[in-house]
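Notes to accompany the following structure.
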Amino acid sequence: MMPTDASDLELICPAGTPAALRVAVDAGAHAIYCGFQDETNARNFPGLNFSRSDMATAIDYAHRRDCKVFIAVNTFPRAGDIELWRRAIDDAAALGADAVIVADIGILSYAADRHPDLRLHLSVQAAAASSECIRFYTEAFGVKRVVLPRVLSVPEIADINNRISCETEVFVFGGLCVMAEGRCSLSSYATGLSPNMHGVCSPASHVSYHEANGEFVSRLGDFTINRIPANQPAAYPTLCKGAFQAKGAIGQVFEDAVSLDASKLLPALGRAGVKALKIEGRQRSRAYTKAVVGAFRAALDAMASGTEIPLGVLKQLSEGQSATCGAYVKTWR
Amino acid sequence: MKSTTLTLGPVLFNWPADRWRDFYFRIADEAPIDHVCIGEVVCSKRQPFLADVLPDVIERLEHAGKEVLLSSLVLPTLRREARHDAELVNGRHMVEVNDVSMLPAVAGRPHAIGPFVNVYNEGTLEFLVSRGARLIALPPELPRSSIEAICSAIPDVTIEVWAFGRTPLAISARCYHARLHGHSKDSCQFVCDQDADGAVVETLDGEPFLVVNGVQTLSHTFCNLLRDANDLVNIGVSSLRLSPHTCDMVAIAQLYRDVLDGRRDADDAFLSSRDACPSATFANGFTHGVAGALYV
């Protein structure tokens, strides 16, 4: 495994809308990831994503500025209805996407057969967490890059990079799944809607709030996810970030309301052979996208020129005003 | 027509070795189960405890006519975990693959796909079958409509549905049992052995919601498809999976067998399953395409 030079690290940025894409391109993204306006992508939220003609315009805008566009087709097709997902792959190829980000084995097989020149990236939703797993995807489908699940420490990532033939991409900022991605049915257990099948997690359509006895209560489906004093700011009731009780104690059983900020690990990730750094948040505002992309690009530029990396500027953008390095640091487990 | 088979999934919880052995001995002697998937799939740190009793258990099950399958880990990330899984393939038993990392090792020979591999549609199923998959357990969150579409597209393999027991919902690198006890995963002191059916997680309203089992999270409710079983068979399901708990699994298996064989009315069997598993709240929402916690 070769360490990745700072100047070769790619910054992969989210875009939920054409306007956000232009903002991210202008703020210094090396590549944008985005999805079509349907359940083929894992951020299938109302008002988000790209029509086919939006996508054509967006790819043109990005390519003129030397920025790549990756199209996420990363939910698991509904049985009996695979055509919708296959069409997304066909259209991504026809539109000139620089890669498609895919999780489903059947869709990978289809893309590899029908579009041998289309670059395949393995979505984090496939949760490929070992070199053996990654080798399956590279050998069976010619996958060129794997987005690693957020369950690995930096030394484990380095070990994986020593033993595989494709590139790796890791999340460095934004929402933090505490479960192995693509292998979690918590949302559908409470609401009937899941990331894998519907492209949503803890969907707003199933969230409700009310006040009771001076407390602000957040619910998801039929379940209370949090109760806090009514005068405190409430976090969105994502199921795995909720407060519960177990073994006689009350607390965040799974994860605190923190978000991922691995900015101080960027040099270590480069040394571990990671090729690309990914920012989560296709559902975020343009202002957020501009600030985060700008800050990470400045960090990469500082690394490349050997100057000190500006840290902490991202803190105020994190959920709940606190951040974690997540599984990248082994003690998180 | 081939009759619908019953599969006993692996024990997901950290049971002491003698309890684990006695459980399987009783299954061997008394339960009308066809396939028994065996092995520690949740946490590799627990695997050494079972190694001593595993050969006796396999022998007893096979002597009783059960087909034994060796189940692989759900989330192998360490090299020693990869080595453990790789060794499963060297034996004479069919392997149940619970993570994609095992697919290269089993390619070209008959194997099973466990419920932890994402088989959401006929396209993925077709690929896996072309490489030797013979028995495929579908993910527990799949609705009936998807199950039907998958079964009708590829009728020649055994399609299995999660039919009884707490439903696995998530797997993580983080150990929630250790976290509940204020330990790190590396010095967990095996506190998961205190909860033979998982540690209950309640909402702040005091409503039981989930259970944690080391790095795994499961539903608090027990999936119970006794009243859905014959409908599932009619749409092409050919095996039902029962997941071990401390309740009377022999009685549960007998109820499923009786309903599948038409010896017992499903409503009546469902009522009897409450006696076999008195502390359980039952659910079947996933199969009906609604929240998994519901019973429809």
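No hydrogens, no waters, no symmetry mates; every other heavy atom, side chains included, goes into these values. Below, read A as the first sequence line, B as the second, and so on, with proteins coming before strands; counting in each chain starts at 1.
B/S172 places no side-chain N or O within donor-acceptor distance of the main-chain N or O of A/M179, the cut-off being under 3.5 Å. Of the possible donor and acceptor atoms, one in the side chain of A/Q245 sits under 3.5 Å from a partner among the backbone N and O of B/T203. Using modelled atom types, one side-chain atom of B/R179 and one backbone atom of A/Q252 make a donor-acceptor pair closer than 3.5 Å. Judged by distance alone, the side chain of A/E132 and the main-chain N or O of B/M102 form no donor-acceptor pair under 3.5 Å.
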Go through it in stages, so that I can follow the logic: the residues are A/V217 and B/D205, the test is side chain to side chain contact (heavy atoms under 4.5 Å, CB included), and I'd like the CA-CA distance, side-chain angles, deciding distance and then a yes or no. CA-CA 10 Å; A/V217 181; B/D205 301 331; 5.5 Å; no
Take A/D159 and B/R79, measure what side chain to side chain contact (heavy atoms under 4.5 Å, CB included) needs, and give me the verdict at the end. CA-CA 10 Å; A/D159 185 50; B/R79 286 210 201 175; 2.4 Å; yes
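Side-chain contact between B/V215 and A/V151 is absent, with no heavy-atom pair separated by less than 4.5 Å. Between A/F254 and B/T217, the closest side-chain pair of non-hydrogen atoms falls below 4.5 Å. Counting only heavy atoms from C-beta outward, the side chains of B/E207 and A/D222 never approach each other to under 4.5 Å. Residues B/P143 and A/M197 have side chains in contact (heavy-atom distance under 4.5 Å, counting atoms from C-beta outward). Inter-residue side-chain proximity for B/V212 and A/K247 is flagged as unmet; no heavy-atom pair is nearer than 4.5 Å. For the pair A/V253/B/L180, a side-chain contact is recorded, criterion being any heavy-atom separation below 4.5 Å from C-beta on. Side-chain atoms of B/P139 and A/F76, non-hydrogen and from C-beta on, never get closer than 4.5 Å to each other. Considering only heavy atoms from C-beta on, A/W85 stays 4.5 Å or farther from B/N121 through its side chain.
Heavy atoms closer than 4.5 Å to chain A are found nowhere in B/S145, neither backbone nor side chain. Proximity to chain B (any heavy atom under 4.5 Å) is restricted, for A/I250, to the side chain, taken from C-beta onward. Using a 4.5 Å cut-off between heavy atoms, A/A129 contacts chain B through both its backbone and its side chain. Residue contact with chain B, scored on non-hydrogen atoms closer than 4.5 Å, is absent for A/L108. Residue A/R163 touches chain B through its side chain alone, counting heavy-atom pairs closer than 4.5 Å. Neither the backbone nor the side chain of A/Y110 comes within less than 4.5 Å of any heavy atom of chain B. Looking at B/A293, both its backbone and its side chain come within 4.5 Å of chain A, counting heavy atoms on both sides. Contacts between B/V290 and chain A at a heavy-atom distance below 4.5 Å involve the backbone alone (N, CA, C, O).
Among A/L239, A/L193, A/I107, the residue making the largest number of heavy-atom pairs under 4.5 Å with chain B is A/L239. Ranked by heavy-atom pairs under 4.5 Å with chain A, the first of B/E81, B/E148, B/R131, B/E126 is B/R131. Between chain B and the options A/G192, A/A79, A/G106, A/A243, the largest number of non-hydrogen pairs under 4.5 Å is found for A/A79. Residue with the most contacts toward chain A among B/A149, B/A170, B/A105: B/A170 (heavy-atom pairs, distance under 4.5 Å). Annotation: maximal heavy-atom pairing with chain A below 4.5 Å, among B/A86, B/S184, B/C175, occurs at B/C175. For the options A/S188, A/A103, A/A180, heavy-atom pairs under 4.5 Å to chain B are most numerous at A/S188. Interface summary for chain A: among B/L78, B/D99, B/I147, B/V100, the most heavy-atom pairs under 4.5 angstrom belong to B/V100. When A/P77, A/G80, A/A246 are compared by the number of non-hydrogen pairs under 4.5 Å with chain B, A/P77 comes out ahead. Comparing B/N118, B/I150, B/V200, B/V119 by heavy-atom pairs within less than 4.5 Å of chain A, the highest count is held by B/N118. Your options are B/D195, B/I171, B/T77, and the one with the most heavy-atom pairs under 4.5 Å with chain A is B/I171.
Rounding to the nearest 0.5 Å places OG1 of A/T224 at 12.0 Å from CD of B/E202. Distance check: B/L204 CG to A/E215 CD gives 8.0 Å after rounding to the nearest 0.5 Å.
Taking the six-membered ring where the residue is Trp, the centroids of A/F141 and B/F127 are separated by under 6.0 Å.
For A/K144, the NZ atom sits in a loose shell: 12 or fewer heavy atoms of surrounding residues, nucleotides or ligands are nearer than 6.0 Å.
For A/S185 against B/F286, the heavy-atom pair with the smallest separation is O-CZ, 4.1 Å. Summarising the geometry of A/R183 relative to B/N98, their closest heavy-atom pair is NH2-O, 2.8 Å, with the distance given to 0.1 Å.
Residues A/T75 and B/Y120 bring no donor and acceptor atom of their side chains to less than 3.5 Å of each other.
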